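From a predicted model like this one, the values you see are computed outputs, not experimental measurements. Residue numbering restarts at 1 for every chain, and letters A, B, ... go by the order of the sequence lines.
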Amino acid sequence: MANNEELFKKIIAHAKEYGFIFPSSEIYDGLSAVYDYGQYGCELKNNIKQYWWKAMVNLHENIVGIDSAIFMHPTIWKASGHVDAFNDPLIDNKDSKKRYRADVLVEDYLQKIEDKINKEVEKAAKRFANFDEQLFRQTNPRVLEHQKKYDEVHSRFAACMEKSDWAGLKALIEELEIACPISGTRNWTDVRQFNLMFATQMGSVAEGTDTIYLRPETAQGIFVNYLNVQKTGRMKVPFGIAQIGKAFRNEIVARQFIFRMKEFEQMEMQFFVRPGEELKWFDYWKNERIRWHESLGMEASCYRFHDHEKLAHYANAATDIEFDFPFGFKELEGVHSRTDFDLKAHQQYSGKKLQYFDPETNESYVPYVIETSIGVDRMFLAVFSHAYREETLPDNSVRTVLRIPPILAPVKVAVLPLVKKDGLPEKAREILRPLQYQFNCQYDEKDAIGRRYRRQDAIGTPYCITVDNQTLEDNTVTLRDRDSMQQERISIPEIELRLNQLLKCNL
RNA sequence: GCGAAAGUAGUUCAGUGGUAGAACGACGGCUUCCCAAGCCGUAGGUCGCGGGUUCGACCCCCGUCUUUCGCUCCA
């Protein structure tokens with residue numbers, strides 16, 4: 001464990017040292033949980049996005065991509081449940097240092113009262129034959145007392161939640177003498193609200209509100225456009241809409257580098273299917289997505305499925321694809337069967353029909369949705385942390401190498417004159433020029449050749465072309481493989497073809 | 001948000017109440033026909049920030065900010 005922690009620190013340091021990821025606003029002391037992608041990080045990230053887009057959009061005739069705005073009508077977040085579900089009031093116990101959701105504390109209290117009532121009912125049911133439960137509930141004095149208490153607390157609780165009256169909620173918790181299950185004390189902090197969504201102001205929105213939220217997920221931009229796309233693209237169910245875009249979440253605690261950030265990027269695809277067929281398609285996408293991951297050539301043991309036991313209110317099946325990060329298996333991608341929850345909700349809130357007419361069955365329905373949702377930054381971290389190696393070579397020296405899948409590597413090929421004289425630099429630049437149109441290339445003539453190879457290893461460049469004296473005689477160069485460090489000699493006209501073979505997509 | 005540790009060159013770290021150091025890295029040059037070799041040279045720091053004690057603070061004291069580690073949610 002301690003070893004993995006050390007390794008993770010090295011990975012973070014390497015990411016900064018070699019221009020992949022910088023802490024945001026560093027010269028102003030930084031901005032926590034926000035990171036910037038540097039010159040190589042940006043390339044790697046773009047390559048990841050492109051690899052996903054090609055797999056999802058280009059290789060599926062029935063999937064198209066969109067790019068919806070980050071700003072959306074505020075009611076969208078009411079319909080999606082984000083406004084209500086993610087404004088948790090939190091409270092800390094000062095003695096145990098434990099944090100609780102204040103509303104859950106009260107709900108648990110209410111649950112206890114309910115349990116007491118049920119116990120009374122059970123006891124009575126055992127005692128009397130011909131037991132009339134309804135009558136008992138309406139007349140038994142102890143039940144009535146509990147019920148009165150319950151109603152009283154519940155109505156006050158509901159009022160506090162409705163008005164976001166956190167002082168009132170705290171007063172209620174103190175009055176009910178709710179204690180921390182761990183410390184057993186009632187030494188509470190004030191109730192504070194943590195909003196998942198970032199709010200900002202927009203000049204002229206419909207009366208009453210001018211608060212706009214930065215989207216906490218890209219999915220809703222797809223749902224509210226589903227009919228636009230279906231109609232204008234002449235899409236037939238089943239079909240999918242893909243999107244890559246930024247999303248924003250105000251995390252209480254953001255940790256683990258780019259794993260959990262306040263500003264992050266998602267690659268989502270919502271697949272619209274006929275009701276009743278959702279589980280079939282859920283399985284299809286589960287397989288399809290793991291196949292995508294495995295096509296990158298990282299070991300299958302890096303991934304595992306984690307099926308959700310407890311499902312969110314909108315889902316009827318859900319699984320995570322987890323990746324073996326340096327800090328353990330964590331969620332990388334989610335595949336969810338979201339039923340018709342979102343579209344139904346938008347239909348209700350917007351008052352617009354969001355039905356699809358199915359010409360095959362000759363009926364209209366609100367489609368069910370299978371969602372695949374992967375974090376770009378998490379994918380980046382998966383690729384980057386898996387790629388990072390410190391290898392001990394036969395001569396006992398150590399080389400640091402990024403074994404990034406070649407198709408994702410920021411720089412594909414470096415062209416290097418063996419020495420900086422004898423016309424080799426000129427020859428190397430001659431070779432470089434035509435390659436630059438097709439591949440992201442580097443040219444380097446500084447320092448000894450070994451050092452230059454190591455520099456390329458450190459940024460994950462899969463191939464190095466070296467120009468030597470023999471090149472001047474017979475127009476051949478050496479092609480060095482990053483992982484094996486082996487070289488082969490090929491002729492200059494072959495280079496482009498060979499690189500294209502090596503960088504071929506496995507999808 | 002709470003508790004613990006840290007903050008000195010690009011990086012890793014020394015350092016002492018009296019003018020700021022090393023290694024690696026970067027840059028320029030010499031050498032070198034294949035894996036961080038060698039030699040010469042150059043640049044780079046208000047010692048996180050603010051205040052206090054002192055003749056004098058990188059060092060002692062206070063505050064503040066940031067980062068890292070432990071506690072609840074998620075892509």
Student: Within this structure, what is the CE-to-C1' distance between Met197(A) and C74(B), rounded to whole angstrom?
Tutor: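 So the CE-C1' distance, Met197(A) to C74(B), works out to 15 Å.
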
Student: Is a donor-acceptor contact shorter than 3.5 angstrom present between the side chain of Arg480(A) and the base of C35(B)?
Tutor: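 By the distance-only test, yes, there is a pair.
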
Student: Rounding to a whole Å, what distance do you find between Gln486(A):CD and C35(B):C1'?
Tutor: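 So the CD-C1' distance, Gln486(A) to C35(B), works out to 12 Å.
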
Student: Less than 4.0 angstrom between a side-chain N/O of Lys421(A) and OP1 or OP2 of U32(B), yes or no?
Tutor: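 The answer is yes; a side-chain N or O of Lys421(A) sits under 4.0 Å from OP1 or OP2.
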
Student: Does A75(B) have Phe264(A) stacked on its base, where the ring centres are within less than 5.5 Å and the planes differ by under 30°?
Tutor: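 Taking the rule of under 5.5 Å and under 30°, the ring of Phe264(A) does stack on A75(B).
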
Student: CZ of Arg452(A) versus P of C27(B): gap in Å, rounded?
Tutor: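 Taking atom P of C27(B) as the reference, CZ of Arg452(A) is at 12 Å.
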
Student: Is it the case that C35(B) (base atoms only) and Asp457(A) (side chain only) share a donor and an acceptor within less than 3.5 Å, ignoring hydrogens and angles?
Tutor: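 Absent.
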
Student: Quick check: does any side chain N or O of Lys45(A) sit under 3.5 Å from a backbone N or O of Asp377(A), one acting as donor and the other as acceptor?
Tutor: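 Between the backbone of Asp377(A) and the side chain of Lys45(A) there is no qualifying donor-acceptor contact (under 3.5 Å).
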
Student: In whole Å, measure the gap between the P atoms of U16(B) and G7(B) for me.
Tutor: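 Approximately 14 Å lies between the P atom of U16(B) and that of G7(B).
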
Student: Base, sugar-phosphate, or nothing: which does Ser373(A) touch, judged by heavy atoms less than 4.0 Å apart?
Tutor: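 Contact class for Ser373(A): sugar-phosphate only.
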
Student: Would you indicate what Lys330(A) reaches in the nucleic acid, counting non-hydrogen atoms under 4.0 angstrom: base, sugar-phosphate, or nothing?
Tutor: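 The residue Lys330(A) makes no contact with any strand.
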
Student: Please report the distance, rounded to the nearest Å, between CD in Glu265(A) and P in C74(B).
Tutor: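 Taking atom P of C74(B) as the reference, CD of Glu265(A) is at 22 Å.
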
Student: For A6(B) versus A43(B), give the span between their C1' atoms, rounded off to a whole number of Å.
Tutor: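 Pairwise C1' distance, A6(B) against A43(B), rounds to 29 Å.
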
Student: Measure from the side-chain N and O atoms of Arg452(A) to the backbone N and O of Asp447(A), and report whether any donor-acceptor pair falls under 3.5 Å.
Tutor: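 Yes; judged by distance alone, with no hydrogens or angles, the pair exists.
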
Student: Taking the minimum atom-to-atom distance to the side chain of Asp468(A), which one of A36(B), C74(B), C34(B) wins?
Tutor: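 Within the option list, the nearest is C34(B).
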
Student: Output the single nucleotide from U11(B), G25(B), C35(B) whose closest atom is nearest the side chain of Arg451(A).
Tutor: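 Nearest to the side chain of Arg451(A) among the choices is G25(B).
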
Student: With sugar-phosphate meaning primed atoms plus P, OP1 and OP2, does Glu217(A) contact a base, only sugar-phosphate, or nothing at under 4.0 Å between heavy atoms?
Tutor: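 No contact.
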
Student: Is the Tyr109(A)-Phe157(A) ring centre distance short of 6.0 angstrom?
Tutor: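 Ring-ring flag for Tyr109(A)/Phe157(A): false, centres at least 6.0 Å apart.
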
Student: Applying a 3.5 Å limit to both distances, which nucleotide forms a Watson-Crick or G-U wobble pair with C71(B)?
Tutor: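 Partner of C71(B): G1(B).
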
Student: Examine Phe257(A) together with Tyr35(A) and report whether their ring centres are nearer than 6.0 Å.
Tutor: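 So the answer is yes for these two rings.
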
Student: Looking at A36(B), C34(B), C74(B), which one has an atom nearest to any side-chain atom of Tyr18(A)?
Tutor: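 The answer is A36(B), which lies nearest to the side chain.
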
Student: How far, in whole Å, is G45(B) from A14(B) if one measures between their C1' atoms?
Tutor: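 A14(B) and G45(B) have their C1' atoms separated by 15 Å.
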
Student: Tell me whether the side-chain N/O atoms of Arg215(A) come closer than 4.0 Å to OP1 or OP2 in A75(B).
Tutor: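 False: Arg215(A) side-chain N/O out of range (4.0 Å or more) of A75(B) OP1/OP2.
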
Student: Quick one: Arg289(A) CZ to A75(B) P, roughly how many Å, whole number?
Tutor: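 Rounded to the whole Å, the gap is 15 Å.
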
Student: Any idea which of C27(B), A75(B), U11(B) is nearest the Lys446(A) side chain?
Tutor: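 Shortest atom-to-atom distance from the side chain points to C27(B).
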
Student: Heavy atoms from C-beta onward define the side chain here; which of A36(B), A75(B), C34(B) lies closest to that of Thr466(A)?
Tutor: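 Closest nucleotide to the Thr466(A) side chain: C34(B).
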
Student: Determine, using ring centers only, whether Phe271(A) and Tyr284(A) are less than 6.0 Å apart.
Tutor: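 For Tyr284(A) and Phe271(A), the ring centres are not under 6.0 Å apart.
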
Student: Which part of the nucleic acid, if any, lies within contact of Val398(A), taking any heavy atom under 4.0 Å across all strands shown: a base, the sugar-phosphate backbone alone, or nothing?
Tutor: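 Result for Val398(A) = base.
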
Student: Expressed in whole Å, how much space separates the P atoms belonging to C60(B) and C47(B)?
Tutor: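 Result for the P pair: 15 Å, nearest Å.
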
Student: Closer than 4.0 Å, any side-chain N/O of Lys9(A) to the OP1 or OP2 of U68(B)?
Tutor: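 False: Lys9(A) side-chain N/O out of range (4.0 Å or more) of U68(B) OP1/OP2.
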
Student: Atom CD1 of Ile12(A) and atom C1' of U11(B): how far apart are they, to the nearest Å?
Tutor: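 Spelled out: CD1 on Ile12(A) to C1' on U11(B) is 15 Å.
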
Student: Taking the ring centre of each residue, are Tyr18(A) and Phe20(A) less than 6.0 Å apart?
Tutor: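 Ring centres of Phe20(A) and Tyr18(A) not closer than 6.0 Å.
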
Student: Expressed as a whole number of Å, how far does the P atom of G51(B) sit from that of G18(B)?
Tutor: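 Going atom to atom, P in each nucleotide, I get 22 Å.
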
Student: Classify the side chain of Arg249(A) and the base of C74(B) as holding, or not holding, a donor-acceptor pair under 3.5 Å.
Tutor: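 Such a pair does not exist between side chain and base.
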
Student: Atom CG of Asp444(A) and atom C1' of C34(B): how far apart are they, to the nearest Å?
Tutor: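 My rounded result for the distance is 14 Å.
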
Student: So which atom in Val383(A) and which in Leu44(A) form the shortest heavy-atom distance, rounded to 0.1 Å?
Tutor: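 Residues Val383(A) and Leu44(A), closest heavy atoms: CG1-CD1, 4.4 Å.
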
Student: Applying a 4.0 Å non-hydrogen cut-off, can you work out what Leu332(A) is touching in the nucleic acid: base, sugar-phosphate, or nothing?
Tutor: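 Counting heavy atoms under 4.0 Å across all strands, the contact made by Leu332(A) is with sugar-phosphate only.
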
Student: Please give, in whole Å, the distance from C34(B) P to Glu488(A) CD?
Tutor: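 So the CD-P distance, Glu488(A) to C34(B), works out to 19 Å.
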
Student: With the side chain of Tyr35(A) defined as its heavy atoms from C-beta on, choose the nearest nucleotide among G10(B), C34(B), U68(B).
Tutor: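 Looking only at heavy atoms from C-beta outward on Tyr35(A), the closest nucleotide is U68(B).
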
